[in-house]
Every structure is written in C-alpha cells, then in structure tokens.
Amino acid sequence: MVAAHILSALSLVAVLGWLMPSFPLAFYLAVAQIAVGFLLFHAVNLKPKNPGIIVAFHQCMVLAITLAIVATL
C-alpha cells in the first residue's frame with residue numbers, strides 16, 4: 001500500500017515536471033505534497049487513532065493540485 005502511494009506520488013511529480021511550463025503551480029504543490037505526505041506518515045505512526053489536522057491538510061493539498069491543473073486548462 002505504501003509502495004503504491006509513493007510510486008503514484010513520484011509519477012505525478014515526474015509528469016508535472018515534464019509538463020512544467022504548462023503546470024508550474026501544480027508541480028510545486030505536488031512536490032510540497034510529498035513532504036506533507038511524509039509528515040502524515042510519521043503522524044499516523046505516532047498516533048494511529050488520532051493523527052491530527054495533518055490528514056485534512058494532506059487532502060486539501062490534493063484538491064489544490066487538482067484545482068491548479070483544471071484552472072490551467
């Protein structure tokens with residue numbers, strides 16, 4: 001599960017990096033999302049039942065990436 005998550009995140013960053021001139025904001029948000037995902041991974045391991053606000057922030061980052069892609073089109 002974690003490996004698939006990491007592979008999809010790196011694939012997204014690779015594709016957005018390749019399309020960088022068209023989607024710069026989405027690329028930078030995706031790179032930041034990897035850092036947030038890493039923090040979330042540690043938060044979940046520390047407190048599995050209550051990881052905190054980082055879960056909502058992780059989901060908001062995904063929505064921001066999607067919005068940046070759609071707004072550019």
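Numbers here simply count residues along the sequence, with the first being 1.
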>> Checking side chain to side chain contact (heavy atoms under 4.5 Å, CB included) between Gln33 and each of Leu40, Leu12, Val62, Val13, which is the one that passes?
In response: Val62
Nearest-0.5 Å distance, [atom1] of residue [X] to [atom2] of residue [Y]:
X: Leu16; Y: Leu29; atom1: CG; atom2: CG; result: 9.5 Å
X: Leu46; Y: Phe41; atom1: CG; atom2: CZ; result: 10.5 Å
X: Met1; Y: Ile6; atom1: CE; atom2: CD1; result: 11.5 Å

Indicate if [X] and [Y] have the same hydrophobic cluster label, given that clusters are the connected sets of ILVMFWY residues with side-chain heavy-atom separations under 4.5 angstrom.
X: Leu67; Y: Tyr28; result: no
X: Leu39; Y: Val31; result: yes
X: Phe23; Y: Leu10; result: yes
X: Leu19; Y: Leu73; result: yes

Locate the shortest heavy-atom distance separating [X] from [Y]; write the atom from each residue and the value.
X: Ile65; Y: Ala30; value: CD1-CA, 3.6 Å
X: Thr72; Y: Ser22; value: CG2-O, 2.9 Å
X: His58; Y: Gly37; value: CE1-CA, 3.6 Å
X: Pro51; Y: Ile54; value: O-CG2, 3.8 Å
X: Phe57; Y: Val36; value: CE2-CG2, 3.5 Å

>> Is it the case that atom CD1 in Ile53 sees more than 12 heavy atoms from other parts of the structure closer than 6.0 Å?
In response: no
